[in-house]
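In the text below, chain A, chain B and the rest are named by the order of the sequence lines, each starting its count at 1.
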There are 2 protein chains.
Amino acid sequence: MEEKAEPRWLGREETEIWFTFGTMVTSLPDALDAQLQRDAGISFFEYQVMSMLSMSPQHTRRMSELAALANGSLTRLSRTVDRLNKRGWIIRRPDPENGRYTLAVLTDAGWDKVVATAPAHVEEVRRAVFDPLTKAQLRQLRDISTRIGRTVHPDGCLPTLPEPDPAEVAVRDTRP
Amino acid sequence: MEEKAEPRWLGREETEIWFTFGTMVTSLPDALDAQLQRDAGISFFEYQVMSMLSMSPQHTRRMSELAALANGSLTRLSRTVDRLNKRGWIIRRPDPENGRYTLAVLTDAGWDKVVATAPAHVEEVRRAVFDPLTKAQLRQLRDISTRIGRTVHPDGCLPTLPEPDPAEVAVRDTRP
DNA sequence: GTGGTTGACTTGCCGTGTCAACTGTCTAGC
DNA sequence: GCTAGACAGTTGACACGGCAAGTCAACCAC
């Protein structure tokens with residue numbers, strides 16, 4: 001008796017789309033990493049972590065929130081914060097409201113680093129993503145990303161961009 | 001005097017697009033890796049390498065070609081082939097036509113592994129990428145990926161999907 | 001043909017990420 | 001209260017990828 005249905009193979013057309021898309025998906029992070037490493041000596045993930053903190057109230061976040069915002073595991077964040085802490089850009093503090101949490105806080109030096117790093121990074125993002133696309137394509141990309149993101153993310157809880165801290169609009173668009 | 005122009009910051013709209021897109025770009029590879037690791041005990045990159053070989057004439061490719069097709073560095077491929085070789089799925093052979101090249105060849109066991117692994121993987125790709133998008137969105141995604149891919153890839157030489165080996169149409173749509 | 005150069009890998013070392021096990025903190029149930 | 005569990009985070013052991021240096025074949029130039 002039949003146990004499995006015939007797999008729904010990809011056709012030639014679909015294979016091409018998938019190949020092109022897959023190539024882009026793997027190359028883009030490499031390009032962003034390369035730019036940041038070259039110009040600022042930090043990785044994309046490290047930049048994301050500091051950038052997210054720079055947009056957060058008091059430049060502070062709980063570790064677990066921060067991990068979700070930066071799309072990384074808690075372990076990865078813990079190690080990354082170790083490194084950034086050694087470089088003087090982030091400090092840890094226990095959360096006074098609940099001792100189980102740890103707060104990551106961006107130092108002044110960390111803030112300065114983000115401010116110094118952001119322009120070239122944003123420029124690279126524009127060059128790679130925004131400039132080559134039309135306005136219509138950007139809208140399409142948003143919709144497509146939302147749909148794919150939903151299927152990939154468990155229990156429908158996509159991370160959401162934090163509301164910018166009104167006190168710090170200067171770099172509210174730093175995110176990446 | 002002015003040394004630098006004011007950076008072209010991202011606006012609120014753009015920041016949102018970039019955040020959504022970035023989240024998708026980082027989560028999707030994780031999801032594919034997770035499925036392959038769980039169901040077949042191999043990484044996405046390892047699968048890509050074997051899949052590309054399975055689509056190549058004689059199930060054979062030069063290392064450098066294979067690295068480009070699978071979007072990885074030569075170092076990464078060399079180490080990956082080491083692992084797959086230890087598992088009995090790939091062997092190395094010097095290229096008789098030019099001793100500088102090394103050929104990677106998929107073994108029969110490697111072929112069987114790809115054939116056994118492909119259906120569940122393709123299903124996951126469909127679930128994550130194809131099913132949630134309309135036909136129009138797929139076309140849009142192809143165009144968008146092509147444009148972004150061009151800006152990100154040096155000297156305009158994007159890797160191209162190999163023509164399938166007519167003798168092996170069975171899994172010609174295995175890619176990803 | 002032989003000395004130098006280039007091209008195609010391979011490898012030693014190191015940084016980074018993951019999994020699993022562990023520590024410390026809070027919360028429930030009794 | 002006090003013990004059991006659930007959370008939040010850290011850490012040790014290991015896997016993996018990158019860089020730079022090393023190997024080995026091929027292609028000159030003379």
Side-chain angles (χ1 to χ4, degrees), chain A residues 26-27 29-38 40-50 53 60-87 90-105 155 157, chain B residues 26-27 29-38 40-49 53 60-87 90-105 154-155 157:
Chain A
T26 56
S27 315
D30 291 354
L32 298 179
D33 255 322
Q35 181 272 321
L36 282 168
Q37 204 65 57
R38 177 166 40 78
I42 59 178
S43 70
F44 181 51
F45 185 68
E46 288 170 331
Y47 177 78
Q48 273 187 313
V49 168
M50 291 203 287
L53 281 182
T60 297
R61 283 269 168 192
R62 293 175 174 171
M63 293 289 285
S64 35
E65 284 175 10
L66 191 51
L69 282 174
N71 294 306
S73 69
L74 198 47
T75 298
R76 186 180 185 187
L77 179 67
S78 184
R79 304 226 192 259
T80 302
V81 168
D82 278 349
R83 291 194 298 275
L84 297 178
N85 174 36
K86 273 184 201 120
R87 302 231 245 165
I90 288 186
I91 57 175
R92 280 185 237 248
R93 230 158 30 77
D95 187 337
E97 293 181 9
N98 185 333
R100 277 189 296 202
Y101 292 98
T102 302
L103 299 177
V105 186
D155 41 53
C157 65
Chain B
T26 56
S27 315
D30 290 353
L32 298 179
D33 255 322
Q35 180 273 321
L36 282 167
Q37 204 64 56
R38 176 166 41 78
I42 59 177
S43 70
F44 181 51
F45 186 69
E46 288 170 331
Y47 177 78
Q48 273 188 313
V49 168
L53 280 182
T60 297
R61 283 269 168 191
R62 294 174 174 171
M63 292 289 283
S64 34
E65 284 175 11
L66 191 51
L69 282 174
N71 293 306
S73 69
L74 200 46
T75 298
R76 187 180 186 187
L77 178 67
S78 185
R79 305 222 196 262
T80 301
V81 168
D82 278 349
R83 290 193 300 273
L84 296 177
N85 174 36
K86 274 186 200 117
R87 302 231 243 165
I90 288 185
I91 56 176
R92 279 185 236 249
R93 233 160 26 80
D95 187 337
E97 294 181 10
N98 185 333
R100 277 189 297 201
Y101 292 96
T102 302
L103 300 176
V105 187
D155 41 53
C157 65

When rounded to whole Å, the CZ to P distance for the pair R62(B) and dA8(C) reads 9 Å

With sequence neighbours excluded, residues passing side chain to side chain contact (heavy atoms under 4.5 Å, CB included) with A104(A) | L53(A), M63(A), L66(A), I90(A)

For S43(A), check side chain to side chain contact (heavy atoms under 4.5 Å, CB included) against everything at least two apart and list the hits.
-> D33(A), Q37(A), F45(A), E46(A)

How close or far is atom C1' of dT11(C) from atom CG of L74(B), stated in whole angstroms?
-> 12 Å

5' to 3' on DNA chain D, which nucleotides open and close the contacts with chain B (atom under 4.0 Å from a heavy atom)?
-> dC16(D) to dA26(D)

Think S78(B) has a side-chain N or O under 4.0 angstrom from the OP1 or OP2 of dT10(C)?
-> yes

Tell me, do K86(B) and R83(B) make a side-chain contact under 4.5 Å, heavy atoms counted?
-> no

Smallest heavy-atom separation, A67(A) atom then L77(A) atom, equals N-CD2, 3.6 Å

Going by the salt bridge (Lys or Arg N to Asp or Glu O under 4.0 Å) test, which pairs reach into residues 65-80 of chain A, not counting sequence neighbours?
-> R61(A)-E65(A)

Please write out the pairs of protein N or O atoms and N or O atoms of nucleotides 17-19 of chain C separated by less than 3.5 Å, giving the distance to one decimal.
from	atom 1	to	atom 2	distance (Å)
dG17(C)	OP1	R76(A)	NE	2.9
dG17(C)	OP1	R76(A)	NH2	3.0
dG17(C)	OP2	R83(A)	NH2	3.1
dT18(C)	OP2	S73(A)	OG	2.9
dT18(C)	O4	R79(A)	NE	3.1
dT18(C)	O4	R79(A)	NH2	2.7

At what distance, to the nearest 0.5 angstrom, does CE of M50(A) lie from CD1 of I42(A)?
-> 4.0 Å

Atom of L103(B), atom of P96(B) and distance for their closest heavy-atom approach = CD1-CD, 4.1 Å

Please enumerate all protein N or O atoms sitting under 3.5 Å from an N or O of nucleotides 22-29 of chain C, with distances to 0.1 Å.
from	atom 1	to	atom 2	distance (Å)
dC26(C)	OP1	G99(A)	N	2.4

Roughly how far apart are L32(B) CG and Q48(B) CD, rounded to 0.5 Å?
-> 9.0 Å

Side-chain contact test, heavy atoms from C-beta onward, threshold under 4.5 Å: evaluate it for R62(B) versus T102(B) and give yes or no.
-> no

